[in-house]
Amino acid sequence: MAAVKRPHMPVMLVANDLLEGDVVFAATEGWTRDPREACIARDDSHAQALESFAADEFRLARIVDPYLVEVTLNAKGHPVPRHYREVLRMLGPSNRLDLGKQADFKF
Amino acid sequence: MYAYDQFDERLVRERVAQFASQVERRLDGSLSDEEFRPLRLKNGLYLQLHAYMLRIAIPYGTLSARQLRQLAHIADVYDRGYGHFTTRQNLQFNWPKLKDVPAILGLLADVEMHCIQTSGNCIRNVTADHFAGVAHDEIEDPRPSAEWIRQWSTLHPEFDWLGRKFKIAVSGAPHDRAVLKAHDIGVQILRDPVTQQIGYQLLVGGGLGRTPMEGKILREFLPREELLGYLEAVLRIYNLEGRRDNKYKARIKILTHEIGIKAFRAKVEEEFARIDSTNFGADLEEFSRIAAQFAPPAYDNLPDVSRKLEVAQAGDEELARFVEHNLYRHKRKGYTAVTISLKAIGQAPGDATSLQMRVIADLAEKYSLNEARVTHMQNIVLPDVRLDDVPEIFAVLRENDLATANVGLITDILCCPGLDYCALATARSIPLAQTLSRHFADPIKQKEIGELSIKMSGCINACGHHHVGNIGILGLEKKGAESYQITIGGDASENFALGELLGPGLPEQNVPEAIDKVLGVYLALRQPGESFIEAYRRLGLAPFKAAFKEVADAVA
Amino acid sequence: MLLLDRRGAKEETFTRIESAGESGGGSILAPFALIEEILAQHGDNRRIGVLVSNNVTADALEPYFDRLALIAVVFPSGTDGRGFSLARQIRRRGFRGILRASGPLFSDQFPQALACGFHEVEIPDANAARQPVEQWLAAANRVSLAYQRTHGAGENILDLRRRARLDGEAKDV
Ligand code: HEM
Ligand code: SF4
């Protein structure tokens, strides 16, 4: 099997809460809905630890669809995804600034 | 309108309980995520970019005032106060929580609604001409046939695990307003010229998506009593022989394309010959029972023209424009079908707030025999309006940002949710639709351009029908950024055509000027009375392509 | 493997064999590819069943109907529904033996399997561990009505409506 392509560091881990559907990020402890509190992995072993945490949480029926998102850090040290899809996912619908995380967290 | 009897009601209630049990069993680990996913999809529940999304079936687009109010109520209590009407005459809520879905389904069941088979690899919600029952050019109201098919296909035990989704649309008029040729099965009601008997022409293998194809004639004429048996044979052959090795090749269009329509027809006819037709033949009783519920309402005998409306129009330019663009000729004198545009300038196409839903519900109740229709163009129709009442309706619409007079014009843009909501999207579509809507806002300019459809999708799945837009826009990713490919010449009507590509994809900000160029060619070269699509057919792609190239070259 | 029908778990009475040389004991269940050999060797004194993949046609099976006690249609996954249509064809063409669905179906598919003409379902142990027999039986009747007259033995709405109509007319007289 071809080696799975590992993401470019740093990364954060994103998933959906199973019961609510909200986008959640792996935090230092548990999950957060606020991307600014997302745990940032700067090396592969940390990234793998996030993935194995997510795999456990998936088995416990708490979250679904976990995956790593490549980010850069802005001046405040907050993660900004490299891909525009993940930026939109972190913010909310761009035509409705009153909805999504951009509204919930006023960033 | 079709009203549930005790059996319809019981089935839907039991389905709600079944879904609730599925959720419980997902949470306690009895169902794996892999098993639960298709089960939730079969009940219209997706997991989207930001949240779950619930798709509610509006069979053949028909809604009562009470149903619309219930949708508004659900939007307020369980969602964010709005909903999105789709190209398949459904309604989508973008923010429900899984834990609330059983309660939402219960509220829907209270008003004879459900989410059954609004997604998943099964027979989807049956759609029909939104002017069903009122169109002046109609051979027969398609709704009884559509409802008959809906019941037959609902929880059909054999066809719940098909290779891919299966979409059926029905039209009862020669002018196709239901995009039959882009459906897995298109059902065209027609009258046998010799016997005068009503029957069906079946089209098969149409579809958009990655490999767009035009439906082909499977059966020239099918007597009514054979419809369901024949559909059963088609579905069985598809279920058995459709490809399962590649989900992009699993639609029936690929099967009919690969083996050829003749071979496919032979297989279906052979299976049909083995089907127990006595069972299906007996269903004609059922057809009559359903048809009785769609009997024409008691219309009044009214004069052809409304003096009241004429006078009101004379003093109100906006009303006059509304009458010109948003009214459709009714089969009865003195009546009209009013299209309420969900495409106000700068709005997200197809979105309606709960308040707007209530306003429309009130209008339907007061002025349209309690009925509203969702169109595949993402607008709402009040089908049975007296011409006399149009000024009052218009006044209410105007107060609620629902009076935009643009039906069939360039700002009546059809648009999927794109990357603002959809997890599969490669680019956003709503913001570009809003930009174009503002760009062409001027009503005089719109009228000058005339009949023209812009249809836009945020990825190749083509939920926004871009292949059949006179101007089609497809959002893709190019070098890590959003990019938009433009096609022209698509046609969703009985003159079905797929659009042709103008050139390379453009960044969002260059799309309006590119469309301006295309329109420039049209406006310069058109003959009197010629619509954009007619001009395109006469002129071909070349002059448009050349004009487009100026923009593309400047960008590149 | 868990074998069950609408009454509950069942004892497996067939022995699976992989080649005609194996004799097994009692009734035998063999791959369909071996049917000619198996019939030649054991056809006279054993009950014979075949395991068929879901792309075998009903045409291919039909000539053997009279000599088979069991046809087990393999479901490679729960989401591959070809077996449902195959079952329907096999029953419609007059197979009188036992029709079995074999593979990782899940309990919500039990009523569908029954309605399409399967008598019994055989699922891998791992699936049965998550979804024990009770869940299968509970799933069988969660939706107690069907719009399809042609499928299943349960109540169909068309006949219920007809009966209600006739009752109504009878009362009117
Ligand atoms: C938001 C979540 C949605 C998802 C995940 C989704 C997914 C898909 C996919 C995968 C296809 C391609 C199917 C194929 O080619 O086999 C498709 C086609 C289609 N969808 Fe959607 N869709 C979504 C929303 C919508 C909406 C909002 C509409 C209506 C505005 C819609 C209407 C359609 C239509 C009309 C087609 C093309 C016709 C066809 O070939 O079936 N979908 N969708
Ligand atoms: S066309 Fe693509 S982006 Fe648009 S709704 Fe469909 S799947 Fe999503």
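Predicted, not measured: the structure shown is a model, and the values here were computed from it. Naming: A, B, ... by sequence-line order, numbering from 1 per chain.
At a 4.5 Å heavy-atom cutoff, B:E241 makes no contact with chain C through either its backbone or its side chain. In this structure, the portion of B:E271 lying under 4.5 Å from any heavy atom of chain C is its side chain and not its backbone. Contacts between C:D59 and chain B at a heavy-atom distance below 4.5 Å involve the side chain alone, from C-beta outward. Interface remark: B:R289 contributes side-chain atoms only to the contact with chain C (heavy atom separation under 4.5 Å). In this structure, the portion of B:S21 lying under 4.5 Å from any heavy atom of chain C is its side chain and not its backbone. Contact annotation for B:L31: both backbone and side-chain heavy atoms come within less than 4.5 Å of a heavy atom of chain C. Heavy-atom distances place no part of C:N55 under 4.5 Å from chain B, backbone and side chain included. Residue contact with chain C, scored on non-hydrogen atoms closer than 4.5 Å, involves the backbone and the side chain of B:R274 alike. Heavy-atom distances place no part of B:E34 under 4.5 Å from chain C, backbone and side chain included. Contact of B:R37 with chain C is not made at all, since no heavy-atom distance falls under 4.5 Å.
Atom NE2 of residue B:H156 and atom SG of residue C:C116 lie 7.5 Å apart, to the nearest 0.5 angstrom. Here the OG1-CG distance, from B:T154 to C:L145, works out to 12.5 Å after rounding to the nearest 0.5 Å. Of the inter-residue distances, the one linking C:I157 atom CD1 with B:D5 atom CG reads 7.5 Å to the nearest 0.5 angstrom. A distance of 10.0 Å separates OG of B:S153 from OH of C:Y147, quoted to the nearest 0.5 Å.
The closest side-chain heavy-atom distance from B:W161 to C:Q112 is below 4.5 Å. Residues C:D108 and B:R25 form a side-chain contact, since some pair of their non-hydrogen atoms from C-beta on lies under 4.5 Å apart. The closest side-chain heavy-atom distance from C:T79 to B:N121 is not below 4.5 Å.
Within a 6.0 Å sphere centred on OH of B:Y248, heavy atoms belonging to other residues, nucleotides or ligands number 12 at most. Shown here is C:K10, whose NZ atom has more than 12 heavy atoms of other residues, nucleotides or ligands within 6.0 Å. Within 6.0 Å of NE2 in B:H257 there are 12 or fewer heavy atoms belonging to other residues, nucleotides or ligands.
Residues C:Q148 and B:L155 approach most closely at OE1-O, 3.8 Å, considering heavy atoms.
C:R161 and B:E286 are joined by a salt bridge, as a carboxylate oxygen and a charged side-chain nitrogen come within less than 4.0 angstrom of each other.
Heavy-atom neighbours of chain B within the stretch residues 80-91 of chain C, taken at a separation under 4.5 angstrom, comprise C:D80, C:G81, C:R82, C:F84, C:S85, C:L86, C:R88, C:Q89.
For B:E35 and C:Q131, the side-chain atoms include at least one donor-acceptor pair closer than 3.5 Å.
Judged purely by atom type and a 3.5 angstrom limit, B:E14 uses its side chain to pair as donor or acceptor with the backbone of C:S144. Side-chain atoms of C:R130 never come within 3.5 Å of backbone atoms of B:G29 as a donor-acceptor pair (strictly under, hydrogens ignored).
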